[in-house]
Each structure stands twice: as C-alpha cells, then as structure tokens.
Amino acid sequence: MNIKLKLQYDGTAYHGWQIQKNAVTVQETVRNAVEKITGEKINLIGCGRTDTGVHAEGYVCNFHTQSRIPCEKYPYALNACLPDDIVCFGAEEVEDDFHANKSAVKKRYVYKILNREFSDAVMHRYAWHYKYPVDIDKMRAAAKAFEGEHDFVGFASSGFSVKTTVREIYSLDVSRDGDIITVDVTGNGFLYNMVRIITGTLVFAGTGRINPDDMREIIESKDRSRAGITAPPQGLCLKEVYYR
C-alpha cells in the first residue's frame, strides 16, 4: 500500500524537513514513528524541503508499506509516538505511483511579519519582527511583478540543484491586520529560500530601498544582489500542497 500522510509541525526545534547526519529533523522523527508502528524500514517521501525553523500546517508525505494497519488508524498511532510539535491529522491510501513531491501541482506558503516597535513574547517563533515603518501599498505594487512565469534564479540561495529555475507564481498577496503583515503566495514550485527572499525584497520595497516600479526589471536581471535580504525562517509556514 502507498500511504499519504498530512502533517502539521512547529519547525522551531528541527533542522528542517530533510534527514541530516548530525541534526534532528522532521523527516527522521516521523519516519521513526512510522517504522515503530509498522515494524518495517520505510522510505518516507516528503512534498519538499523546509528549512530550519520553518513551520507547516499542511505538509504531505507518503510511504509504501506491507502493513495492514487501517488508514484511519495511522493518525492515532503516529500521534502516540510523535512529540507534541508534530501532529498527523490525516492518512489515506493512494495510487501506487503517487509521489508527495513529484505529484504536487502547486504549493501555498504564508509569511508573517510583526511590524511594530517591540517584539512579542508569544509570536517571536512564528513571525519576523521588523520594527521599521513599512508602506504596505508599495509592497503590494512590487508584488504584482512576481505573478506569472519567470526565471527566479535571482531569488534563490546558492546550493540548489534543480534542472530549471523557471517557476510560475499564480498569486502573491500582501495584507495588513493591525501589526501583522501577511505575504500569501501560491505557485507551481519554489526554489531554495525563494519565498523568504521574495518577502525580504517586498519589505525593501515597502521601506523605499527598492523602487516597486523596478521590480520587473530586477526579476529579469536574474541578479541575486539586486533583490532584498533573505527573511528569517520563523515567519514562514507551508499552508497547503495541491494535487490533481
């Protein structure tokens, strides 16, 4: 059977999703829990990497198993083995060729910015505290340039290994509710640190360090040095992964 799992996790205590030799990761923690309840060695396939400190509310992974555990029992069994900062909230049997990453058609990320003078003792793990004034209208104007299909190599950190750096962004919305600025982006895929660099660039536009009218030309330049900073990881959350 090919089992698809849906997870939530607080990434604060983990060195990202992907298994590493000398660090605790979400993938390793979930894999160990699956192996404990199935009694099998399994290959746990994730829908993509998330960095150290990045969170997820709708992460998807899958694994093949010979176990006859009913699908509806997996969340209960896994949550009994998982730490409190990782929760399985869904499981279903899927077609044998389903692949959590390769079968995905789009992903949605949300980035939160706390824009006020002082930080917040509760939210500091889930938002970027940026204390300087930000013009939300300038951020929105700059955001429009990102929508559509572009080569986003100028908005990726070094170290990625993909065949193409062309991606399509279906929507990029910027909103404000009190002190919270939300960047909400959906696309067919994202490069390494792409959402965080886009967010940092939008903040630069909102503070006047980048002219929103220059944004399309900056994207087309493919020059990382012309984009903004890489926003810190804790404000980022993978909201949802979509499949056909």
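Positions are given from 1 along the sequence. These numbers were taken from a predicted model, which means no experiment stands behind them.
Here the closest non-hydrogen pair linking E117 and K131 is O-CB, 3.7 Å. In this structure, H150 and A145 approach most closely via the heavy-atom pair NE2-O, 3.2 Å. Across L236 and V195, no two heavy atoms sit closer than the pair CD1-CG1, 3.6 Å. Heavy atoms only, all atoms of each residue included: P233 and V54 are closest at O-CG2, 3.6 Å. Shortest non-hydrogen contact noted between T38 and I42 is OG1-CG2, 4.4 Å. The two residues A227 and T201 come nearest to each other via the heavy atoms CB-OG1, 3.6 Å.
R224 and T230 are linked by a side-chain donor-acceptor pair at a separation below 3.5 angstrom, with hydrogens and angles left out of the test. No hydrogens or angles considered: a donor-acceptor pair under 3.5 Å links the side chains of T182 and K112.
With rounding to the nearest 0.5 angstrom, the OG atom of S119 is 7.0 Å from the NE2 atom of H124. Interatomic distance, F152 CZ to T164 OG1, rounded to the nearest 0.5 Å: 11.5 Å. Residue M194 holds its CE atom at 9.5 Å from OG1 of T165, rounded to the nearest 0.5 Å. For the atom pair L202 CG and L172 CG, the distance stands at 5.5 Å (nearest 0.5 Å).
With sequence neighbours left out, the side chain to side chain donor-acceptor pair (under 3.5 Å) criterion links N79 to no other residue. With sequence neighbours excluded, the residues that form a side chain to side chain donor-acceptor pair (under 3.5 Å) with E240 are Y242. Considering only residues two or more places apart in sequence or on other chains, Y126 meets the side chain to side chain donor-acceptor pair (under 3.5 Å) condition with D10. With sequence neighbours excluded, no residue satisfies ring pair (Phe, Tyr, Trp, His ring centres under 6.0 Å) with H15. For F118, there are no ring pair (Phe, Tyr, Trp, His ring centres under 6.0 Å) partners at least two apart in sequence or on another chain.
Among residues at least two apart or in separate chains, salt bridge (charged side-chain N to carboxylate O under 4.0 Å, His left out) pairs with a member in residues 183-203 are D51-R196, R108-D184. Sorted by first and then second residue, the side chain to side chain donor-acceptor pair (under 3.5 Å) pairs involving residues 18-35 (not counting sequence neighbours) are Q18-R49. Residue pairs meeting the salt bridge (charged side-chain N to carboxylate O under 4.0 Å, His left out) criterion with at least one partner in residues 166-179, sequence neighbours excluded, are R116-D179.
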Subject >> Evaluation steps, side chain to side chain contact (heavy atoms under 4.5 Å, CB included), between E149 and V166 >> reply: CA-CA 7 Å; E149 187 176 84; V166 175; 3.5 Å; yes

**OP:** With side chain to side chain contact (heavy atoms under 4.5 Å, CB included) as the test, would you mind laying out the steps for V134 and M139 before giving the verdict?
**Re:** CA-CA 8 Å; V134 176; M139 289 184 70; 3.3 Å; yes

Subject >> F155/I219 under side chain to side chain contact (heavy atoms under 4.5 Å, CB included): CA gap, chis, key distance, verdict >> reply: CA-CA 8 Å; F155 292 83; I219 295 170; 3.7 Å; yes

Subject >> H129/M123 under side chain to side chain contact (heavy atoms under 4.5 Å, CB included): CA gap, chis, key distance, verdict >> reply: CA-CA 9 Å; H129 174 225; M123 286 191 59; over 6 Å; no

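Side-chain heavy atoms closer than 4.5 Å link hydrophobic residues (I, L, V, M, F, W, Y) into clusters, and following such links, possibly through other members, connects W128 to V185. Note: the hydrophobic cluster containing I181 also contains I229 (ILVMFWY, side chain heavy atoms under 4.5 Å, direct or indirect links). The hydrophobic clustering, which links ILVMFWY residues whose side-chain heavy atoms are closer than 4.5 Å, places L7 and Y243 together. Under the 4.5 Å side-chain heavy-atom criterion for Ile, Leu, Val, Met, Phe, Trp and Tyr, V110 and F146 are members of distinct hydrophobic clusters. Under the 4.5 Å side-chain contact rule for hydrophobic residues, I113 and I136 share a cluster.
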Under 3.5 Å, which donor-acceptor pairs link side chains of residues 82-92 to any protein atom two or more places apart or in another chain?
residue : atom : partner : partner atom : Å
D85     : OD1  : Y14     : OH           : 2.6
D85     : OD2  : Y14     : OH           : 3.4

Contacts under 3.5 angstrom, residues 205-215 side chains, donor-acceptor by atom type, not counting sequence neighbours:
residue : atom : partner : partner atom : Å
T207    : OG1  : V203    : O            : 3.1
T207    : OG1  : F204    : O            : 3.2
N211    : OD1  : D213    : N            : 2.9

Could you pull out every donor-acceptor pair under 3.5 Å between side chains of residues 57-66 and any protein atom, sequence neighbours left out?
residue : atom : partner : partner atom : Å
E57     : OE1  : K239    : NZ           : 2.8
E57     : OE2  : K239    : NZ           : 3.3
Y59     : OH   : W17     : NE1          : 3.3
Y59     : OH   : C47     : N            : 3.2
Y59     : OH   : G48     : N            : 3.3
Y59     : OH   : G48     : O            : 2.5
N62     : OD1  : A100    : N            : 3.0
N62     : ND2  : N2      : OD1          : 3.0
N62     : ND2  : F98     : O            : 3.4
H64     : NE2  : D96     : O            : 3.2
H64     : NE2  : D96     : OD1          : 3.4
T65     : OG1  : E40     : OE1          : 2.5
T65     : OG1  : S67     : N            : 2.9

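Heavy-atom contacts from other residues, nucleotides or ligands closer than 6.0 Å to CD of E95 number 12 or fewer. Dense packing is recorded around NZ of K107, with more than 12 heavy atoms of other residues, nucleotides or ligands lying under 6.0 Å away.
Between Y111 and Y109, the distance separating the two ring centers is not shorter than 6.0 angstrom.
Put simply, the side chain of R216 does not reach to within 4.5 Å of the side chain of K144, judged on heavy atoms. Side-chain contact between Y9 and V30 is absent, with no heavy-atom pair separated by less than 4.5 Å. Between L5 and I3 the shortest side-chain heavy-atom distance falls below 4.5 Å.
Other members of the cluster containing Y76 do not exist, because no ILVMFWY side chain is joined to it at under 4.5 Å.
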